[in-house]
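Worksheet: the structure to be examined is printed underneath.
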Protein chains: 2
Amino acid sequence: MNLERTPLLTDLYELTMLQTYYEHGMTEEAVFELFMRESPQRGFFVAAGLQQGLDWLEQMRFKPQELEWMRETGLFSDTFVDCMADFRFTGRVLALDEGSVFFAEEPLVQIVAPLPEAQFIESRLMNILHYQTLIASKAARCRLAAGDTPVIDFGMRRAHGGEAGTWAARACYMAGFAATATCLGSARYGIPPTGTMAHAFVLAHDSEIEAFERFARSHPDNVVLLIDTYDVRRGAERVVEVAGRLADEGIPVHGVRIDSGDLAANARMTREILDQGGLADTRIIVSGGLDEYRIESLLSGDVPIDGVGVGSNVDTSADVPFLDSAYKLHYFRDKPRGKHSKGKTDLPGRKQVFRQFDSAGAMAGDTLGLTSESLRGAPLLKEVMAAGRRTGDAGATDLEQARDRCARQLSLLPPDVCALRKPAQYPVRLSEGLKRLRTELAARH
Amino acid sequence: MNLERTPLLTDLYELTMLQTYYEHGMTEEAVFELFMRESPQRGFFVAAGLQQGLDWLEQMRFKPQELEWMRETGLFSDTFVDCMADFRFTGRVLALDEGSVFFAEEPLVQIVAPLPEAQFIESRLMNILHYQTLIASKAARCRLAAGDTPVIDFGMRRAHGGEAGTWAARACYMAGFAATATCLGSARYGIPPTGTMAHAFVLAHDSEIEAFERFARSHPDNVVLLIDTYDVRRGAERVVEVAGRLADEGIPVHGVRIDSGDLAANARMTREILDQGGLADTRIIVSGGLDEYRIESLLSGDVPIDGVGVGSNVDTSADVPFLDSAYKLHYFRDKPRGKHSKGKTDLPGRKQVFRQFDSAGAMAGDTLGLTSESLRGAPLLKEVMAAGRRTGDAGATDLEQARDRCARQLSLLPPDVCALRKPAQYPVRLSEGLKRLRTELAARH
């Protein structure tokens with residue numbers, strides 16, 4: 001079973017429910033919406049993962065092995081298992097463009113499909129979109145904190161599995177990172193690859209000098225040396241020593257990396273040593289436990305840092321390791337629907353997001369309304385799939401385009417919404433139609 | 001490129017370093033060790049993921065597509081790219097048995113292989129072992145908090161990608177969970193599958209009663225009804241109503257699930273309604289934002305709960321979303337090696353973990369020593385792979401065996417080490433040989 005295509009990457013209850021839906025002919029069109037509930041530590045979210053979601057919707061099939069597993073569980077009727085052999089997603093998908101900034105309660109994706117199909121895709125579609133959106137949202141904060149200093153992604157090793165590592169590279173690049181260390185992220189998505197050396201490389205040589213020289217001659221166009229294996233000061237001094245010899249061979253030392261200790265103090269000391277050694281053009285890259293908060297405090301101190309590598313904190317979104325994502329039935333059999341147990345009333349009905357801009361072009365507020373309403377602002381949810389196939393270019397949006405879109409939208413956000421700590425709430429109004437519908441539905445139960 | 005087998009699920013620097021190693025004939029045997037540094041919120045770790053690590057080591061190959069990507073980057077010599085076509089892992093692996101309890105600084109895996117091979121596998125091997133170990137360690141805490149109450153894994157949708165969701169099912173089961181909702185976890189690893197219904201199922205019907213009845217008749221052997229879509233009290237009352245009719249058809253209501261609100265108060269109220277309705281055997285399962293801390297506080301209050309479903313908090317290990325894992329060169333060319341920059345001296349040399357037990361059979365302390373030393377206690381690192389192939393049964397350890405092992409070892413741990421909050425530190429001593437070696441190495445630099 002191919003991990004990336006199998007329909008069994010789902011929760012059992014999706015199948016359990018489907019059997020009942022089919023038994024009772026509940027196959028009319030349903031509308032589900034995927035959205036995030038509020039996350040106090042995030043002023044905004046960045047939509048990401050749509051391409052992988054659409055790939056899965058197009059390709060997912062129940063093959064003999066998967067049907068066999070269903071049979072073996074003893075939980076399903078033969079009729080149901082047999083009918084799943086032909087199961088396809090034949091529905092329509094509306095979605096925010098990847099790289100779009102969005103907010104709590106706004107649908108990131110809207111699925112319009114026969115109830116069993118729309119229901120079944122819940123678990124994996126959320127698995128795909130939730131993670132990339134989580135990481136793009138975290139990475140955008142790092143990007144904002146870093147300003148013009150390039151940020152690169154080193155996080156695969158402690159990302160949660162290989163799919164996460166690969167998608168993190170993509171989501172980080174979309175949010176404005178300069179490059180990734182993850183080869184598969186580069187090979188699949190065309191992200192610039194980057195990398196230097198590990199401490200083991202230095203340790204495997206008899207001396208730091210030998211390690212530096214060998215690496216430089218082996219990679220003359222890309223010499224970035226890790227200087228903290230033993231002692232940062234001596235490491236930097238050895239870079240100066242080695243650089244002299246390498247210069248005779250026409251090999252420049254592009255940069256050094258510092259991965260431990262007091263990064264600010266180490267960067268200042270290193271800058272001084274490099275400058276005195278005639279290596280004013282050699283860049284200083286720092287890494288080690290960094291996130292948006294530490295990037296901000298490092299860079300606000302006017303520390304001589306030319307690049308920042310982030311890893312585990314970003315690829316696991318460590319301060320907020322999951323978002324309160326939801327995928328809810330909002331319309332079925334000509335009726336708006338919504339969960340409304342005590343204190344937590346869902347927004348029912350089929351919705352659209354309308355975005356308003358002020359006269360200077362900055363984002364001024366969104367209105368969450370019903371598809372049937374005609375409201376002021378640019379509608380953000382667009383059709384990307386019809387009858388189970390991608391439509392036009394919309395679904396094939398390029399990663400570079402999504403990256404440009406994200407950069408542009410971040411620049412249009414009110415600064416207090418972008419704040420790393422206690423971000424202000426961006427104004428998202430509910431339309432009159434939506435408010436009325438919610439009240440009606442709550443009254444009905 | 002197959003996500004689960006590709007060697008490109010790695011960091012670029014592994015390849016960069018390899019080119020230099022090959023250019024300089026640095027292909028002698030090296031010893032790397034994978035271990036965790038201290039994590040104050042965890043009293044112990046549970047070793048997990050070895051099977052997937054060994055699978056990858058056996059199967060990983062550079063195929064034409066992967067070599068093509070290397071060429072296209074322009075970062076590598078043709079000689080090097082050509083030689084990677086034959087790249088295989090041919091080394092030896094020693095490891096803790098899956099399901100073993102272990103502690104900071106103790107090698108979870110020891111790799112003995114030609115330097116380039118041992119170096120190259122770093123990123124993905126850590127990616128595989130770190131995540132499952134992270135989750136098994138978190139899940140074991142849930143298991144301890146739940147006592148005899150079954151815990152089940154619902155977390156795939158917000159796990160970080162599909163590989164994480166699937167591996168989380170495995171790691172949770174190893175740590176003692178009763179079942180998983182993730183079908184692929186069940187299909188691949190034989191874990192009992194479980195599941196009920198979503199709120200959407202109830203919303204898609206015209207009434208809660210109709211939803212309950214249809215579900216029960218469709219799945220007569222496995223009737224667990226979700227009762228909080230509208231109002232828990234009315235949901236429970238409707239279960240009693242429906243159960244009467246179903247009883248005539250010989251269909252029992254096995255359980256109800258409550259997924260929101262004050263779970264303790266809701267469970268108590270529901271128990272009362274069910275008991276009064278003659279449904280004393282109908283179990284109550286709760287879910288929604290649970291982790292070991294909330295499980296402990298719920299169950300310590302003598303709340304009538306018969307099963308606990310956990311999701312995002314466990315599958316992302318939300319309180320500790322990553323461990324401080326490390327993979328370090330400790331021996332090469334007849335010399336012990338170790339990083340020892342200021343304040344952070346690695347433990348050099350090729351090591352073994354020796355475990356002591358007291359007269360009652362409980363775990364009494366570990367000694368971390370050198371392979372060359374003969375020390376008291378049971379050696380925990382065992383050979384599981386030689387010449388790149390699994391050896392004997394050791395590598396093929398069954399998930400059920402690992403689960404039994406974990407249960408047994410958890411029962412032998414000192415209770416204060418198992419504490420959910422501020423766990424005591426389990427005694428891990430360094431052998432005299434190891435201490436001497438560390439001092440010598442630090443003095444040398």
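A note on names: the letters A, B, ... follow the listed sequences, proteins ahead of strands, and every chain is numbered from 1. Side chains are part of it too, since the values below use all heavy atoms of this structure and drop only hydrogens, waters and symmetry mates. This one's a predicted model, so the numbers in the text were calculated from it and none came from an experiment.
The shortest non-hydrogen separation linking Gly338(A) to Leu203(B) is O-CD2, 3.5 Å. Shortest non-hydrogen contact noted between Met1(A) and Leu184(B) is SD-CD1, 3.8 Å.
Neither the backbone nor the side chain of Leu125(A) comes within less than 4.5 Å of any heavy atom in chain B. Residue His205(B) touches chain A through both its backbone and its side chain, counting heavy-atom pairs closer than 4.5 Å. Residue contact with chain B, scored on non-hydrogen atoms closer than 4.5 Å, involves the backbone and the side chain of Tyr13(A) alike. Heavy-atom distances place both the backbone and the side chain of Thr16(A) under 4.5 Å from chain B. If you measure heavy-atom distances from Leu129(B) to chain A, you find no contacts under 4.5 Å at all. Neither the backbone nor the side chain of Asp319(A) comes within contact range of chain B, judged by heavy atoms closer than 4.5 Å. Heavy-atom distances place no part of Arg217(B) under 4.5 Å from chain A, backbone and side chain included. For chain A, no part of Gln132(B) is nearby; none of its heavy atoms comes within less than 4.5 Å. Glu4(A) touches chain B through its side chain: at least one heavy atom from C-beta onward sits under 4.5 Å away, while N, CA, C and O do not. Heavy-atom distances place no part of Phe80(A) under 4.5 Å from chain B, backbone and side chain included. Proximity to chain A (any heavy atom under 4.5 Å) is shown, for Gln52(B), by neither the backbone nor the side chain. In this structure, no portion of Glu72(A) lies under 4.5 Å from any heavy atom of chain B. When heavy atoms are compared at a cutoff of 4.5 Å, Ile128(A) does not approach chain B at all. Contact annotation for Met26(B): only side-chain heavy atoms (C-beta onward) come within less than 4.5 Å of a heavy atom of chain A. Neither the backbone nor the side chain of Tyr327(B) has a heavy atom closer than 4.5 Å to any heavy atom of chain A. Contact of Gln119(B) with chain A is made through the side chain alone, with heavy-atom distances under 4.5 Å. Both the backbone and the side chain of Phe215(B) come within contact range of chain A, each with at least one heavy atom under 4.5 Å from a heavy atom of that chain.
With sequence neighbours excluded, the residues satisfying side-chain contact (heavy atoms from CB on, under 4.5 Å) with Pro336(A) are Tyr331(A), Pro348(A), Leu437(A).
For Arg214(B) and His24(A), the side-chain atoms include at least one donor-acceptor pair closer than 3.5 Å. A donor and an acceptor atom, one from each side chain of Arg157(B) and Ser325(A), are nowhere located under 3.5 Å apart.
Not a single donor-acceptor pair under 3.5 Å links the side chain of Arg158(B) to the backbone N or O of Asn127(A). A donor-acceptor contact shorter than 3.5 Å links the side chain of His160(B) to the backbone of Pro321(A). Put simply, the side chain of Glu163(B) never gets that close to the backbone of Gly161(A): no donor and acceptor are under 3.5 Å apart.
Between Asp206(B) and Lys335(A) there is a side-chain heavy-atom pair separated by less than 4.5 Å. Counting only heavy atoms from C-beta outward, the side chains of His199(B) and Asp346(A) never approach each other to under 4.5 Å. Using a 4.5 Å heavy-atom cutoff, the side chains of His219(B) and Leu75(A) are not in contact. For the pair Asp11(B)/Cys183(A), no side-chain contact is recorded, criterion being any heavy-atom separation below 4.5 Å from C-beta on.
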(request) Show your reasoning for whether side-chain contact (heavy atoms from CB on, under 4.5 Å) applies to Phe201(B) and Leu329(A). (result) CA-CA 9 Å; Phe201(B) 182 85; Leu329(A) 176 66; over 6 Å; no
(message) side-chain contact (heavy atoms from CB on, under 4.5 Å) for Thr6(A) and Arg188(B)? Distances and angles first, verdict last.
(response) CA-CA 12 Å; Thr6(A) 180; Arg188(B) 282 198 172 175; over 6 Å; no
(request) Given side-chain contact (heavy atoms from CB on, under 4.5 Å), test Phe322(B) with Asp315(A) step by step and report yes or no. (result) CA-CA 10 Å; Phe322(B) 62 90; Asp315(A) 282 24; over 6 Å; no
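The choice from Thr194(B), Ile135(B), Asp221(B) that makes the most heavy-atom pairs within less than 4.5 Å of chain A is Thr194(B). Contacts with chain A were tallied for Ser77(B), Gly185(B), Ala198(B), Gly165(B); Ala198(B) has the most, counting heavy-atom pairs under 4.5 Å. Ranked by heavy-atom pairs under 4.5 Å with chain A, the list Ala181(B), Ala211(B), Gly195(B) is led by Ala181(B). Between chain A and the options Ala187(B), Ala159(B), Gly235(B), the largest number of non-hydrogen pairs under 4.5 Å is found for Ala187(B).
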